[in-house]
Number of protein chains: 2
Amino acid sequence: MTDTDELLSIRAAELYYEENKTQDEIGTVLRLTRWKVGRLLAQAKASGFIRIEIVHPRARRLSIERRLRESTQLTDAIVVSSAGVSSDEELQSRTAQAAADYLTGLRPVPRTLGISWGRTLHEVSLHLAKGWANGVNVVQINGGVSLNRRAGTAAATAVTIAHKASGAATLLPSPAILERLDTKRAIEADRSVAAVLTLGAAASAYLFSAGQADRNSALVDSGYLTAEQVAELVRKGAVGDIVGRYIDSAGNIVDPELDGRTVGIQLEALRHAKTAIAVIAGGSKHSIARAVVGSGLCTVLVTDEDTALAVLGDDI
Amino acid sequence: MTDTDELLSIRAAELYYEENKTQDEIGTVLRLTRWKVGRLLAQAKASGFIRIEIVHPRARRLSIERRLRESTQLTDAIVVSSAGVSSDEELQSRTAQAAADYLTGLRPVPRTLGISWGRTLHEVSLHLAKGWANGVNVVQINGGVSLNRRAGTAAATAVTIAHKASGAATLLPSPAILERLDTKRAIEADRSVAAVLTLGAAASAYLFSAGQADRNSALVDSGYLTAEQVAELVRKGAVGDIVGRYIDSAGNIVDPELDGRTVGIQLEALRHAKTAIAVIAGGSKHSIARAVVGSGLCTVLVTDEDTALAVLGDDI
DNA sequence: GGTGATGTTGCTCGTGTGAGCATTTGCGCA
DNA sequence: TGCGCAAATGCTCACACGAGCAACATCACC
């Protein structure tokens, strides 16, 4: 009997959702009472036969957001739908848009916003509307001025975000990673750098992205690391980087020596921050997203549906 | 204003469809009146942002079926949903199932059912339930007894369909295509063959599939044609075959000489039949499906969603 | 075969929602 | 500035629908 009922529920669902018939009409067609039809439809829904998707670049997955808030220590989660998305680029664009939206609606409005840099953050800056806030000062929290032709992207990101909020941008005039520890100590000791780091460590909110640990990493692209060095980090357990610092799946620094040569705020500053917004999207960033959320590096996660499910452990 | 409205309609849709909130509740959250929310939802639906799919192996696409009935001369159309289908095999299986269902529900129950043979038809025979009808006699309408190890599939199909309907199967003891015209004439003249052909030409209903014109054709597979011969047929405009006869996109015989050596009922028998059910599924059969429907070779089409859209000319 | 437990069916009632209409708002144009 | 038109808004009404309940069928078990 259950088998016939299942088939009937499908026939009913077709008439209900595709043909917009009333349950009563469906009852007439299928020779059922109107209540039976209602129950069949409820059954079809409960069995997951009815899939309702909101196909729109700005659609979100509220149910996943709720699950994230409930099963992690995140105070907030923004999950963009991946319905109808083919490319990773589109996914990143959607996520960046969502991050811009979130930032715009953030209350209280941060006085100082600490930001990292990268493709994702840059896209966020472009998606922000002019006047998204009034008087937010932006400060870079990790090094990374131009080593290559990508010149100025990091700076442009900070300046754009600040400019669109009628605020000022404070840049961190330092490479991301230095070759020698004492050089790093020296540059950190420099007043112009130290002041920025102090400012960054005391920001009222943070906005940062994450990099995956592979040859496509932004740090490799920018010339701070070689593909081989990253491969070695992966061998040591690295899943990706946050503000230039490589972490393993437990959120721990993978290579203390390398980390010592990395310029930027400490991860602890993020861990203790009241508002730390991580923007992470794309299939290659599932592991790092998991590590970031799992180890409490952010209070807010802005991501795509698939990454969110990976964080929740729903994928296999 | 339209832009904000679009965004609002998405937010409303999320709350309505994902969170099962009432329009009134949504109004409270978004600071809108309950009527505005209703209008936003209607707008979201009208704009196609809300996609409702019935994910089930036996789900059909009634709207496409209706369009087919309206814009072609088909008396009936069965279109199975391709939602959640990954492989062509699954699509064919779903379509075969639907064909079996249709045949079971066919009224008046045919006294004699003319059938072709092939992978698809064989699958239909397997999907038919025992006792799907009572006393239907099955007759093969085109030649094709075993030339290779696939031995007996054609016969098995006919016998299975007949057996499950407590009827008898009449096999056509002839190859599909003969090498010489006079051999074909001779075999046709043989009483045992002629009787079957006469019976087949007078069947009360037909059930047949179609083959695509490429190297994967069943006729190539069975050894009746070489891949080169098929390629030559394609050059002449062939899009596929029906009951062993290759036709072009207009439904005309492509190669009269070859057709003269093909044993089976004439296409005209199908064109004039009261009930001619074509079962055609899979991405490679779009053209042949189009040709069959366009040239009136069937009165009923059982197919998959994508093929149906191709027949309607919705693809590009 | 009787009896209780469980699931199914038919129904009442209240609520959510869409159609249709009155009213207001916004906007172009004189 | 004022007028007229169109679009958006607020509302009434009717109705489709789900929750909850009573009656009934079904089945296991004594």
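Chain letters run A, B, ... following the sequence lines, proteins first, then strands; residues in each count from 1. Computed from a prediction, not measured in an experiment: that's the story for all the values here.
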Please find the pair of heavy atoms, one from [X] and one from [Y], that lie closest to each other, and give the distance.
{"X": "B:R58", "Y": "B:Q97", "value": "NH2-OE1, 3.2 Å"}
{"X": "B:V80", "Y": "B:A98", "value": "CG1-CB, 3.4 Å"}
{"X": "A:A12", "Y": "A:V37", "value": "CB-CG1, 4.5 Å"}
{"X": "B:V293", "Y": "B:C298", "value": "CG2-SG, 4.4 Å"}

**OP:** Could you grab the distance from atom CG of B:L62 to atom CD of A:E18, nearest 0.5 Å is fine?
**Re:**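 Rounded to the nearest 0.5 Å, the CG-CD separation comes to 5.0 Å.
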Does [N] have OP1 or OP2 under 4.0 Å away from a side-chain N or O of [X]?
{"X": "B:Y16", "N": "C:dT17", "answer": "yes"}
{"X": "B:T33", "N": "D:dT9", "answer": "no"}
{"X": "A:Q23", "N": "D:dG18", "answer": "yes"}
{"X": "B:T22", "N": "C:dT15", "answer": "no"}

When the distance from [atom1] of [X] to [atom2] of [N] is rounded to whole Å, what number comes out?
{"X": "B:Y17", "N": "C:dT17", "atom1": "OH", "atom2": "C1'", "answer": "12 Å"}
{"X": "B:Q43", "N": "C:dG18", "atom1": "CD", "atom2": "C1'", "answer": "16 Å"}
{"X": "A:E19", "N": "D:dA16", "atom1": "CD", "atom2": "C1'", "answer": "18 Å"}
{"X": "B:K21", "N": "C:dT15", "atom1": "NZ", "atom2": "P", "answer": "19 Å"}
{"X": "B:L8", "N": "D:dT9", "atom1": "CG", "atom2": "C1'", "answer": "15 Å"}
{"X": "A:N20", "N": "C:dA19", "atom1": "CG", "atom2": "P", "answer": "10 Å"}
{"X": "A:D5", "N": "C:dG7", "atom1": "CG", "atom2": "P", "answer": "15 Å"}
{"X": "A:D24", "N": "C:dC11", "atom1": "CG", "atom2": "P", "answer": "12 Å"}

**OP:** Check if the side chain of B:R39 and the base of C:dG18 share a donor-acceptor pair of N or O atoms closer than 3.5 Å.
**Re:**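 Check fails, no donor-acceptor contact within cut-off.
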**OP:** Would you kindly compare B:K36 and A:R34 by the position of their nearest DNA chain D nucleotide and give the one closer to the 5′ end?
**Re:**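 The residue whose closest nucleotide sits nearer the 5' end is B:K36.
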Original post:
Considering heavy-atom distances to DNA chain D, does A:L41 or B:W35 have its closest nucleotide positioned more toward the 5' end?
Top reply: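 Nearest nucleotide further toward 5': that of B:W35.
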